[in-house]
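A short write-up of the structure that comes next.
Owing to the predicted nature of the structure, the values given are computational and were not obtained by experimental measurement.
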Amino acid sequence: MFALADCNNFFVSCERVFRPDLNGKPVIVLSNNDGCAVARSNEAKALGIKMGAPFFKIKDIVRKNGVTVFSGNMALYSDMSRRVKSVLRASAPAMEVYSIDEAFLNLEGMDIDFDRYAKELSARCFRWTGIPVSVGVAPTKTLAKIASKLCKQYPKLKGGCYMHRLQDIEKVLRKFPVDDVWGIGRKTFAKLQSMNVVTAWDYASLSQSQVNRLFGLPGLNTWKELNGIPTIEFEDAVRSKQSISNTRSFSKEITDVEALCEQVALFATMTAEKLRQQGSVCYELAVFAMTNRFKEYVRQSISNDIVFFRTPTSSTSEIVASAVKSVRQFFRADCAYKRAGVTALKIVPESSVMPMLFDDADAREKDKGLMKVLDQVNAVYGRGTIRMGICSDKVSSNSALRSPQYSTLPSDFPVVKG
DNA sequence: TCTGGGGTCCTAGGACCC
DNA sequence: TCTGGGGTCCTAGGACCC
């Protein structure tokens, strides 16, 4: 058996932990640069605010209904996620972190009342972290996902749903929209609609060969999982990232090459830090900057460059220098840049790297020591305390509606008055 | 005025080999 | 008129996820 624990309206729930006055009221959290609604309370969903809706398009609804709006506060959400995960980890033999607000649990070998287990786990998460969590238990990951969605739909399930008997699964799948199934996206759904496949049960009832022919291996895996055959691996260990990106939209378009370099240097810095965090180095760095794609009557441009390192690196100084060099090369004075970013590719473990014959090993060792100190200082005194001279101290993004870093920044800690 | 960010896997087709 | 057969590796683009 697998469990899927999924935090309800996660970013909104994080805000509500420190703002209980917002319970029962419409709340949304915006994406970077206050662009889109990426989390909505049930009340906000009921007002018709869609996932990913551009903020400027829903301002009327927001104003008329007194919706509380937050800029994204990833420091808070990451910390709350860590807390929920620690409760989950202690409640099962193995956990696979799937996203910031979801984790699978492997319940293999446990001989217990799973329905009670699911409900108790949900209650424990809420009691210990303040975050409402939906726990679905089923024989495959895909079915566990469906079970957890049922919890959100039916409050009487009290946050936990165990689904295993064939007749129960059939009953659920017959009512479950196929486009809500994990792995069925927009394109596949369009095809399915033309075939009159509407529910998860319809999909599970197609012939295996037809599914294989039309939807390939991913579609076949989903089909098997719906039919109770586990095909999606449970991954206990945390895998290193194969690519690491840092990209942002800017609050105002950038037309000055120095200003763009400062921003890209910051993205490069964040990328290098993430590489070192997972003990990796990269052979390639992709850098891009682009104009505002929504402005139809403006000159559009996407500038790209890829840098190759002969000896793979995670050094901030080396990665920043390369990224800035790329920007200076492709920068066009006749373009207004709205978005830019940096991606590390061809990532390998640092321990696997063979030294190059003509590489300056001494300089490399020295730089490694420098990075270690830099990481230690920034860990204690905050990101960006020590940084490259060219690197901006903050992203040029809108975030005026951001809540305090209640749980990670001492000066923002809530104060209990006696 | 205003439209997010960060990932993974699969597949078809090209390049290349003998 | 007519041009083999079998294999590997790499990559870009598509589809999907949260």
Side-chain angles (χ1 to χ4, degrees), chain A residues 4-11 28-40 49-60 62-63 69-74 77-78 81 96-104 141-142 145 148-149 178-192 212-222 231-233 235 238-253 267 270-271 274 278 284 286 288 290-296 298 304 306 336 338-347 395-401:
Chain A
L4 176 72
D6 189 334
C7 302
N8 302 352
N9 313 332
F10 182 55
F11 295 173
I28 60 173
V29 176
L30 302 176
S31 63
N32 197 271
N33 204 29
D34 292 349
C36 303
V38 289
R40 305 152 297 149
I49 297 176
K50 298 272 183 262
M51 178 66 180
F55 184 38
F56 75 92
K57 285 189 182 172
I58 54 173
K59 274 188 173 163
D60 268 358
V62 165
R63 193 163 4 94
V69 182
F70 290 99
S71 302
N73 183 350
M74 289 315 291
Y77 311 149
S78 301
S81 172
E96 172 191 341
V97 173
Y98 182 66
S99 72
I100 191 162
D101 71 335
E102 280 176 70
F104 288 102
K141 284 176 149 186
T142 304
K145 276 236 173 203
S148 89
K149 285 198 183 185
V178 70
D179 50 324
D180 284 348
V181 173
W182 190 35
I184 306 287
R186 240 183 32 242
K187 294 282 180 177
T188 304
F189 180 54
K191 266 199 225 174
L192 289 172
N212 192 20
R213 181 161 37 82
L214 290 173
F215 307 111
L217 191 53
L220 185 60
N221 283 340
T222 298
T231 49
I232 302 174
E233 290 278 312
E235 292 194 54
V238 185
R239 272 200 285 172
S240 290
K241 299 256 182 293
Q242 301 171 37
S243 69
I244 293 174
S245 303
N246 282 281
T247 73
R248 291 289 182 282
S249 298
F250 305 128
S251 52
K252 278 189 201 146
E253 281 141 14
F267 306 150
M270 297 192 283
T271 302
K274 288 182 189 170
Q278 66 168 29
E284 289 182 19
F288 81 92
M290 60 192 284
T291 48
N292 188 341
R293 65 199 161 109
F294 295 102
K295 281 194 178 169
E296 284 179 42
V298 167
N304 286 296
I306 295 194
K338 178 67 175 172
R339 208 156 80 83
V342 163
T343 303
L345 299 158
K346 300 269 162 66
I347 292 175
V395 181
S396 146
S397 278
N398 293 317
S399 60
L401 306 171

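To the nearest 0.5 Å, atom OG1 of residue A:T222 and atom CG of residue A:L217 are 9.5 Å apart. The distance from the CZ atom of A:R239 to the CD atom of A:Q278 is 11.5 Å, given to the nearest 0.5 Å. Distance check: A:N8 CG to A:S148 OG gives 8.5 Å after rounding to the nearest 0.5 Å.
With hydrogens and angles ignored, the 3.5 Å screen pairs a side-chain donor or acceptor of A:K191 with a backbone N or O of A:L214. In this structure, A:E253 contributes its side chain and A:N292 its backbone to no donor-acceptor pair below 3.5 Å. The backbone N or O of A:S245 sits nowhere less than 3.5 Å from a side-chain atom of A:T343 that would complete a donor-acceptor pair. Looking only at distances, a side-chain donor or acceptor of A:S31 sits under 3.5 Å from a matching main-chain atom of A:C36. In this structure a side-chain-to-backbone donor-acceptor pair under 3.5 Å is present from A:S78 to A:M74.
Considering A:K338, A:R339, A:R248 in turn, A:K338 is the only one that fulfils the side chain to side chain contact (heavy atoms under 4.5 Å, CB included) rule with A:N33.
Among the atoms of the strands shown, none is found under 4.0 Å from any heavy atom of A:D34. Residue contacts shown for A:L30 are absent, as no nucleic acid heavy atom lies under 4.0 Å away. Nucleic acid contact class of A:K252 (heavy atoms, under 4.0 Å, all strands): none. Among the atoms of the strands shown, none is found under 4.0 Å from any heavy atom of A:F55. Note on A:K338: only backbone sugar-phosphate atoms sit closer than 4.0 angstrom, heavy atoms only; bases stay farther off. Looking at heavy-atom distances under 4.0 Å, A:N398 makes no contact with the nucleic acid at all.
Taking the six-membered ring where the residue is Trp, A:F11 and A:Y77 present parallel rings, their angle staying beneath 30° rather than reaching 60°. Classified by interplanar angle (parallel below 30°, tilted 30° to 60°, perpendicular above 60°), the ring pair A:Y98/A:F104 is perpendicular.
Listed by residue number, A:V181, A:W182, A:G183, A:I184, A:G185, A:R186, A:K187, A:T188 are the residues of residues 180-190 of chain A with a heavy-atom contact under 4.0 Å to DNA chain C.
Where A:E235 and A:K59 each meet DNA chain B at their nearest nucleotide, the meeting point lying more 5' is that of A:K59. Comparing A:S249 and A:S240 along DNA chain B, the residue whose closest nucleotide (by nearest heavy atom) sits nearer the 5' end is A:S249.
DNA chain C contains the following stems of three or more consecutive Watson-Crick or G-U pairs, with both distances under 3.5 Å: B:5-18 with C:5-18.
For DNA chain B, the span of nucleotides reached by chain A at under 4.0 Å from its heavy atoms goes, 5' to 3', from B:dC2 to B:dT11.
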